[in-house]
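One structure is given here, and the rest of the page talks about it.
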Amino acid sequence: MVISGIDNSFGVTVASVMMDFNATEGEVAWIASVHTSSQSFFAAISSLLSKKFGFSIIIFVGALLSSASFLVAMASTNTLSLVFTYGLVGGIGLGLAYTPANIVCSFYFDTKRSLATSIALTGSGIGT
């Protein structure tokens, strides 16, 4: 729920980011674009890391990385620093957390797997 909420709520802040940093829409769009693309790219890597280190560790590292990047992004003074902190590093952190959180249902549920997966993915809809 939280990851989908973060991904889909950036549009609310576009006007204030443009005003605060005196930036164009194109410059601000790079922030969300880099965030989404880095999250999608690291989703594949997170599944490989989860196989090696376990789901819990990778989800925890992803949550810590994205939380730290969002805290650092609050001190940003220009759009380029937001592209790096919120976009790249935050996207990597959320990419590390999102895929294992969805895959984990397949490993721990046998008889009620479809129900467990649907309940887990309902959070994405609520977050959106």
Side-chain angles (χ1 to χ4, degrees):
M1 180 172 82
V2 173
I3 293 173
S4 294
I6 290 169
D7 290 342
N8 294 314
S9 65
F10 185 76
V12 176
T13 64
V14 169
S16 62
V17 171
M18 286 173 55
M19 187 174 18
D20 290 344
F21 297 132
N22 196 24
T24 64
E25 285 183 28
E27 292 170 337
V28 175
W30 273 101
I31 301 166
S33 296
V34 169
H35 177 81
T36 303
S37 61
S38 62
Q39 181 179 349
S40 298
F41 179 76
F42 271 85
I45 294 171
S46 70
S47 63
L48 295 173
L49 292 172
S50 294
K51 186 175 180 181
K52 182 173 176 108
F53 298 109
F55 294 113
S56 300
I57 292 171
I58 300 304
I59 292 171
F60 184 72
V61 167
L64 282 179
L65 183 63
S66 61
S67 297
S69 73
F70 297 153
L71 288 173
V72 172
M74 290 192 310
S76 295
T77 57
N78 56 35
T79 56
L80 185 59
S81 62
L82 275 177
V83 167
F84 180 73
T85 56
Y86 179 87
L88 183 65
V89 181
I92 290 170
L94 292 180
L96 287 175
Y98 185 74
T99 302
N102 287 325
I103 295 174
V104 74
C105 289
S106 298
F107 282 83
Y108 291 109
F109 293 93
D110 289 326
T111 57
K112 303 281 186 183
R113 182 177 296 158
S114 61
L115 178 63
T117 303
S118 64
I119 290 171
L121 293 176
T122 300
S124 294
I126 293 170
T128 301

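Everything quoted here is computed from the prediction, not taken from an experiment.
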- Message: With a 4.5 Å cut-off on side-chain heavy-atom distances among I, L, V, M, F, W and Y, is there a chain of contacts connecting Trp30 to Phe41?
- Response: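 Yes: a chain of side-chain contacts under 4.5 Å links Trp30 to Phe41.
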- Item | Partner set under ring-ring contact (aromatic ring centres under 6.0 Å, His included) for Phe55, not counting sequence neighbours |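 Counting only residues at least two positions away or on another chain, Phe55 forms a ring-ring contact (aromatic ring centres under 6.0 Å, His included) with Phe107.
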[X]: side chain to side chain contact (heavy atoms under 4.5 Å, CB included) partners, not counting sequence neighbours:
X: Ala73; result: Ser76, Leu82, Thr85, Tyr86
X: Leu64; result: Phe60
X: Ser118; result: Leu115
X: Leu65; result: Val89, Ile92, Leu96

- Message: Which Ile, Leu, Val, Met, Phe, Trp or Tyr residues join Val72 in one cluster when any pair of side-chain heavy atoms under 4.5 Å counts as a link?
- Response: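 None, because no other hydrophobic side chain comes under 4.5 Å of this residue.
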- Starting from Met74, walk the hydrophobic network (Ile, Leu, Val, Met, Phe, Trp, Tyr; side-chain heavy atoms closer than 4.5 Å) and list everyone else you reach, by chain and number.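 Reading the cluster by chain and number, Met74 sits alongside Leu71.
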State the [atom1]-[atom2] distance between [X] and [Y], to the nearest 0.5 angstrom.
X: Leu94; Y: Ser66; atom1: CG; atom2: OG; result: 4.5 Å
X: Leu88; Y: Phe42; atom1: CG; atom2: CZ; result: 7.5 Å
X: Ile45; Y: Ile58; atom1: CD1; atom2: CD1; result: 11.0 Å

Under 3.5 Å, which donor-acceptor pairs link side chains of residues 17-27 to any protein atom two or more places apart or in another chain?
unit_1, atom_1, unit_2, atom_2, d
Thr24, OG1, Glu27, N, 3.3
Glu27, OE1, Thr24, N, 3.0

- Task: Give the intermediate values and the outcome of side chain to side chain contact (heavy atoms under 4.5 Å, CB included) for residues Leu80 and Phe84.
- Result: CA-CA 6 Å; Leu80 185 59; Phe84 180 73; over 6 Å; no
- Just jot down the side chain to side chain donor-acceptor pair (under 3.5 Å) partners of Asn78, sequence neighbours excluded, or say none.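 So Asn78 forms a side chain to side chain donor-acceptor pair (under 3.5 Å) with Ser81.
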- For residues 35-47, which residue pairs qualify under side chain to side chain donor-acceptor pair (under 3.5 Å), counting only residues two or more places apart or in two chains?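 Every side chain to side chain donor-acceptor pair (under 3.5 Å) pair that includes a residue of residues 35-47, provided the two are not neighbours, is Asp7-His35, Asp7-Gln39.
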- Task: With sequence neighbours excluded, give me every side chain to side chain donor-acceptor pair (under 3.5 Å) pair touching residues 51-61.
- Result: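 Qualifying pairs: none.
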- Message: Restricting to non-hydrogen atoms, name the atom on Ala43 and the atom on Thr99 that form the minimum distance, rounded to 0.1 Å.
- Response: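 In terms of heavy atoms, the two residues are closest at CB-OG1, 3.0 Å.
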